[in-house]
2 protein chains.
Amino acid sequence: MTAPPVLQNVKVAVDNCIFTVVDGRLQVLLIRMRKKPFEGMWALPGGLIDEGESLRDAAARILKEQAGVSGLYLEQLYSFDGRKRDPEGRVVSVAYYSLVPPVGLALGTTPKYEAVRFWDCDERPRELAYDHEAILGYAQARLQAKVQYTNVMWSLLPPRFTLRELQTAYEGVLNRGLDKRNFRKKILSLGLLRASGKKSKGSRHRPAMLYQFASQAPTAVEVF
Amino acid sequence: MTAPPVLQNVKVAVDNCIFTVVDGRLQVLLIRMRKKPFEGMWALPGGLIDEGESLRDAAARILKEQAGVSGLYLEQLYSFDGRKRDPEGRVVSVAYYSLVPPVGLALGTTPKYEAVRFWDCDERPRELAYDHEAILGYAQARLQAKVQYTNVMWSLLPPRFTLRELQTAYEGVLNRGLDKRNFRKKILSLGLLRASGKKSKGSRHRPAMLYQFASQAPTAVEVF
DNA sequence: TCAAAAGTGTTGCAAATACACCCATGT
DNA sequence: ACATGGGTGTATTTGCAACACTTTTGA
């Protein structure tokens, strides 16, 4: 707060870890870069913030552009300044993560990137561009912690789902198995779910009750 | 990651919430501003990052300048971009918080600020400069959460202390009373404390055992 | 009738809570 | 002797973890 230099020569970027869960496997959206320094490498979608755009707006824009959805769960993660991608000046990267359900997505087909797809977090390319390895690791740790004391898991699921699907999603994020009966007891005791009709299509076994969330608002509850 | 504009006109600042605990009251270091837009108002110490200085380095520098200590607990909190203090360009502020023991401090006497002092968090000025109200609230919430599942409380205390002092510090941060016997049981069962001699000076009652931490390294443990 | 997942309760253990009295010291 | 905080143990409650069988449907 002393007299600031007129030119600080710093740029601010936002990177977004977009997660979903398919069949109990945690997936993250990666893009394949076209431009020179990291050509052909996979990376998190991101970019410099626009003039007059807030950090959160920038993260939401990236989410919209790449996954075709908006209004979903979006949380700031951490700010990293390790990367020196730009020879003339440093870049501070503010990382966000988003949670989207595995349906209703329209993956961005912008010419900006060579490819866009979800990767299973356990099978993704080992090396990512910039410091995105670190960012993604951080995001996974945060998500893992967060599903255990909030209801953010809601955001990873479609509007209606079976208890088994919900449990499988938890198992995928937490990377460990859960006891079926204890899980049901716990989840139902929270009183955040509402039942509806039954499911039949495409199962050659007993149909399961479909549930939906009573409220979409983020709530801090001890799930585990 | 499209062709970036050459000039983004963004500045990056770091603000630091420096906490300590005195007599079981959580205190935060505030400075009184000399410069025009917020002249006379109290604020968190902070400033633009220097050329070639990492975010963390900047936070450590502020801590050193204002409290005269280094090497203590320092953690990044959140990045805020609400403030429009600079007419020609926005400022992204990366907030940190630091924990320091209530002794051995040398409050910064730089001519930069009109005054520097610790304020009891419950009695500090209601209005702070910029969006520092929000930052400080966020920091207090994070600290409160963090003392419950890590050993960061260590950083708020002098090298040697009584169990009562430790308990009082927890009570100050958590803003609630704790049962003496349960507290001692719990803390001692973690095996992170080591005893030493006794304390006598300045007490007209039975002296208490002085303890010290077996390790300074941050550890994730369930304290409460 | 078989395969495949849905659904459902009880028990044991560990951790958290609530709670009251004697002890050592300085004045 | 008294005032002040230091120090200690037990009983109860609560939440978590382990565990197996019957039910419903489609093929």
Side-chain angles (χ1 to χ4, degrees), chain A residues 21-25 145 147-150 157-158 160-172 174-212 220-224, chain B residues 21-25 145 147-151 153 157-158 160-172 174-212 220-224:
Chain A
V21 169
V22 177
D23 295 333
R25 315 283 296 172
V147 294
Q148 297 186 63
Y149 65 94
T150 71
L157 291 169
R160 296 189 171 189
F161 49 86
T162 65
L163 289 184
R164 155 75 55 164
E165 286 164 350
L166 182 57
Q167 177 178 346
T168 309
Y170 271 102
E171 290 174 336
L174 297 177
N175 250 325
R176 64 189 169 97
L178 300 171
D179 178 85
K180 180 163 63 155
R181 279 174 290 189
N182 293 337
F183 176 81
R184 293 171 166 247
K185 241 181 307 176
K186 188 64 185 286
I187 285 292
L188 292 176
S189 76
L190 296 175
L192 299 170
L193 296 182
R194 282 200 338 239
S196 48
K198 280 186 175 238
K199 146 192 193 183
S200 58
K201 285 264 195 255
S203 74
R204 64 179 171 292
H205 60 276
R206 174 174 177 177
M209 178 70 79
L210 286 172
Y211 288 85
Q212 55 192 321
V221 285
E222 287 290 335
V223 182
F224 300 105
Chain B
V21 170
V22 177
D23 294 333
R25 316 282 297 172
V147 293
Q148 295 186 66
Y149 64 94
T150 70
N151 64 351
M153 181 61 80
L157 290 168
R160 297 190 170 187
F161 47 87
T162 66
L163 289 185
R164 153 78 54 166
E165 286 164 351
L166 182 57
Q167 176 178 347
T168 308
Y170 271 102
E171 289 174 338
L174 297 177
N175 251 324
R176 65 188 167 95
L178 300 171
D179 179 85
K180 180 163 62 156
R181 279 173 291 188
N182 294 337
F183 176 82
R184 295 161 93 92
K185 240 183 306 177
K186 188 65 188 286
I187 285 292
L188 291 176
S189 76
L190 298 176
L192 299 170
L193 296 182
R194 282 201 338 239
S196 47
K198 281 184 172 246
K199 145 190 192 184
S200 57
K201 285 263 195 259
S203 74
R204 66 178 171 293
H205 60 278
R206 175 176 175 177
M209 179 69 78
L210 286 172
Y211 288 85
Q212 54 191 320
V221 285
E222 288 289 335
V223 182
F224 299 106

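Per chain, numbering begins at 1; letters A, B, ... match sequence-line order.
- Note that CZ of Arg164(A) and CZ of Phe183(A) are 10.0 Å apart. Values are rounded to the nearest 0.5 Å.
- For the pairing with Asn182(B), the side chain to side chain donor-acceptor pair (under 3.5 Å) check across Lys186(B), Arg184(B), Lys185(B) returns one residue only, Lys185(B).
- Distance check, rounded to the nearest 0.5 Å: OG1 of Thr168(A) to CZ of Phe161(A) gives 12.0 Å.
- In this structure, CD on Gln167(B) lies 9.0 Å from CD1 on Ile187(B), to the nearest 0.5 angstrom.
- Here the CG atom belonging to Leu163(A) is positioned 6.5 Å from the CG atom belonging to Leu193(A), to the nearest 0.5 angstrom.
- Across all strands shown, Thr162(B) has no heavy atoms under 4.0 Å from either base or sugar-phosphate atoms.
- In this structure, of dG7(C), dG9(D), dG6(D), it is dG6(D) that holds the atom nearest to the side chain of Arg164(B).
- Distance Asp179(A) CG to dG7(C) C1': 13 Å, rounded to the nearest Å.
- For dT4(D), neither phosphate oxygen OP1 nor OP2 lies less than 4.0 angstrom from any side-chain nitrogen or oxygen of Arg204(B).
- With hydrogens and angles ignored, no donor-acceptor pair under 3.5 angstrom links the side chain of Lys199(A) to the base of dT25(D).
- Taking atom CZ of residue Arg176(B) and atom P of nucleotide dA16(C), one finds them 12 Å apart after rounding to whole Å.
- Per the geometry, CZ belonging to Phe183(A) stands 14 Å off P belonging to dC16(D), to the nearest Å.
- Taking atom CG of residue Asn182(A) and atom P of nucleotide dT10(C), one finds them 14 Å apart after rounding to whole Å.
- Here Arg181(A) does not reach the OP1 or OP2 of dG7(C): none of its side-chain N or O atoms lies under 4.0 Å away.
- Across the protein-nucleic acid pair, Leu163(B) atom CG and dG7(D) atom P stand 6 Å apart, rounded to whole Å.
- Taking atom CZ of Arg206(A) as the reference point, atom C1' of dT24(D) lies 5 Å away to the nearest angstrom.
- With dC16(D), dA17(D), dT4(D) as the choices, the nucleotide that has an atom nearest any side-chain atom of His205(B) turns out to be dT4(D).
- Within the nucleic acid shown, Lys180(A) comes within 4.0 Å of at least one base atom, counting heavy atoms only.
- A close approach under 4.0 Å does occur between a side-chain nitrogen or oxygen of Arg184(A) and OP1 or OP2 of dG7(C).
- One atom, CE of Met209(A), and another, P of dT23(D), lie 18 Å apart when rounded to the nearest Å.
- Computed from coordinates, the Asp23(B) CG to dG5(D) P distance equals 12 Å when rounded to whole Å.
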